[in-house]
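Note that the structure is a prediction, hence the values are computed from the model and not measured. Along the sequence shown, the residues carry numbers beginning at 1.
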Amino acid sequence: MNGRGTAILMRIAQAVPVILGVVIISFVLTRALPGDPAVQFAGLTATPESIEQTRVKLGLDRPLPEQFFLYVGQLLQGDLGQSVSTGRPVAAELAARLPASLELTLVALIVSCSIAIPLGVLAATRPGSWIDQLCRLFVTAGVSLPTFFTGIVLIYVFYYLLGIAPSPLGRLDFVYLDPPHVTGFFLIDAALDGDWETWTGAARQLVLPATTLALFTMAPIARMTRAAMLSALSADYIRTARAAGLGAGKVLYGYAFRNALLPVVTTLGMVFSFALGANVLVEKVFAWPGIGSYAVEALVVSDYAAVQGFVLAMALLFVLLNLMIDLAYSAIDPRFGTAAK
């Protein structure tokens, strides 16, 4: 096996202790939550006897180490437990809500990258110009404005004052029916069904929350692109390429931009993680039925099975994302994996 394949396998092996650590920490932290899950699960009219029966049924009467090993055994069977608040399996709840969060985050990242990366490149090639000042303005506004404030302002302007945005309530207006479930992504499912009216409704519903999240993620991407491009353009190999008579486009995009992509890809991975965290506030503002709002509701009622499932799902997402970043490295940088030899 070559060095690149060995390096990728090492990255996968390094993910195992990370996931094990997340399982242990999430189990301990959820047991430290205030409130008694047995009381929540038994209901408001429960008697002390029925609460105790519920505690025994949930295994909460057993010592913590025994509860942990029971939990790990259930995890290995794909069972994340049952949600106290909804009464449904946590795995089913996450599977139903995760596509909503991913669709919102991915659309926001696509919008953000399509604006921030060209803006960063233009700012780096024209330092001190109005484009550079615009880039600085975006960066400052992006890091200064919290997502819930941006979301409320957008709702007030485009829905309340101008009336050109749909009501900020969920993934689809009540006049539409949900598209047949294939992937859980409404845009993809509606397109596969050929229902372009529903596709348009889902896209319109995405505009305000995706813009809110894109404004938040645009700042670090634009800033990193500008800094990486400035560093690349001042390197010796760029001066050599220009002295050799290569065209401006070849020097800019063939050499400088390709070398500047590595820190930008790293930043994209971190921004994706931050965006999933910021989703919690955006989903609450826009009543978006994603896993962020689900986790907040679970925390309020001490639904530890749901919280554990959320934390584990997010950890797996981050591990998968880091692996994808490593694969992107291997495609961008031919030196990837040489240290593993």
Side-chain angles (χ1 to χ4, degrees), residues 104-147 149-151 153-154 157-158 164-165 203 206-276 278 282 321 324-325 327-336:
L104 173 59
T105 305
L106 291 175
V107 170
L109 276 182
I110 291 171
V111 172
S112 180
C113 289
S114 61
I115 297 174
I117 291 178
L119 186 63
V121 172
L122 289 173
T125 53
R126 297 167 176 80
S129 66
W130 68 270
I131 294 179
D132 193 18
Q133 300 302 325
L134 181 65
C135 182
R136 293 172 188 270
L137 177 65
F138 266 120
V139 170
T140 304
V143 299
S144 304
L145 299 175
T147 52
F149 175 77
T150 308
V153 169
L154 290 179
V157 173
F158 293 100
I164 58 177
L206 265 170
V207 170
L208 289 188
T211 302
T212 302
L213 207 53
L215 290 173
F216 171 73
T217 58
M218 199 179 298
I221 298 173
R223 182 168 55 184
M224 181 52 67
T225 304
R226 180 182 179 277
M229 282 297 293
L230 281 174
S231 175
L233 289 171
S234 61
D236 290 339
Y237 64 89
I238 293 296
R239 281 193 288 270
T240 305
R242 285 172 174 160
L246 295 179
K250 178 69 175 177
V251 172
L252 182 62
Y253 297 106
Y255 294 96
F257 184 66
R258 182 170 182 178
N259 283 281
L261 267 182
L262 284 176
V264 175
V265 169
T266 306
T267 305
L268 275 178
M270 292 187 292
V271 166
F272 187 84
S273 306
F274 291 148
L276 280 175
V282 177
L321 179 66
M324 291 174 63
I325 290 173
L327 293 177
Y329 274 167
S330 67
I332 296 171
D333 189 356
R335 297 168 297 176
F336 179 84

**Fill in**
In this structure, OG1 of T225 is separated from CG of L268 (nearest 0.5 Å) by 7.5 Å
**Fill in**
Tightest non-hydrogen contact, residues I131 and A123, listed as CG2-N, 4.0 Å
**Request:** Would you confirm whether R239, through its side chain, and S234, through its main-chain N or O, come within 3.5 Å as a donor-acceptor pair?
**Result:** yes
**Asked** Distance-only, no hydrogens or angles: does the S112 side chain make a donor-acceptor pair with backbone N or O of A108 under 3.5 Å?
**Response** no
**Message:** Run the side chain to side chain contact (heavy atoms under 4.5 Å, CB included) test on R126 and D132 for me, step by step, so that the C-alpha distance in whole Å, both residues' side-chain angles and the decisive distance to 0.1 Å come before the verdict.
**Reply:** CA-CA 7 Å; R126 297 167 176 80; D132 193 18; 5.9 Å; no
**Request:** Return yes when atom OH of Y255 has more than 12 non-hydrogen atoms of other residues, nucleotides or ligands closer than 6.0 Å, and no otherwise.
**Result:** no
**Message:** How about OH on Y253, more than 12 heavy atoms from neighbouring residues, nucleotides or ligands closer than 6.0 Å, or not?
**Reply:** no
**Request:** For residues C113 and I221, report the shortest heavy-atom separation together with the two atoms involved.
**Result:** SG-CD1, 4.0 Å
**Item:** Candidate pair L104 and L213, rule side chain to side chain contact (heavy atoms under 4.5 Å, CB included), full reasoning
**Value:** CA-CA 8 Å; L104 173 59; L213 207 53; 4.3 Å; yes
**Complete:** In this structure, CG of L119 is separated from OG of S114 (nearest 0.5 Å) by 11.0 Å
**Request:** Over all heavy atoms of both residues, which pair between A228 and P263 is shortest? Give the atoms and the distance, please.
**Result:** CB-CG, 3.7 Å
**Asked** For the atom pair CE (M218) and CG (L109), what is the distance rounded to the nearest 0.5 Å?
**Response** 10.5 Å
**Item:** Qualifying residue, where the test is side-chain contact (heavy atoms from CB on, under 4.5 Å) with F257 and the options are I117, L252, L233
**Value:** I117
**Prompt:** Roughly how far, to the nearest 0.5 Å, is CZ of R136 from CG of L134?
**Reply:** 11.5 Å
**Message:** As an exercise, state the distance from CG of L145 to OG1 of T150, rounded to the nearest 0.5 Å.
**Reply:** 4.5 Å
**Message:** Please find the pair of heavy atoms, one from A124 and one from M229, that lie closest to each other, and give the distance.
**Reply:** CB-CB, 3.4 Å
**Item:** From CG (N259) to CD1 (I238), nearest 0.5 Å
**Value:** 7.0 Å
**Message:** Pair T212, F216 - check side chain to side chain contact (heavy atoms under 4.5 Å, CB included), show working.
**Reply:** CA-CA 7 Å; T212 302; F216 171 73; over 6 Å; no
**Complete:** Closest non-hydrogen atoms of P220 and V271, given as atom of the first, atom of the second and distance, are CG-CG2, 3.7 Å
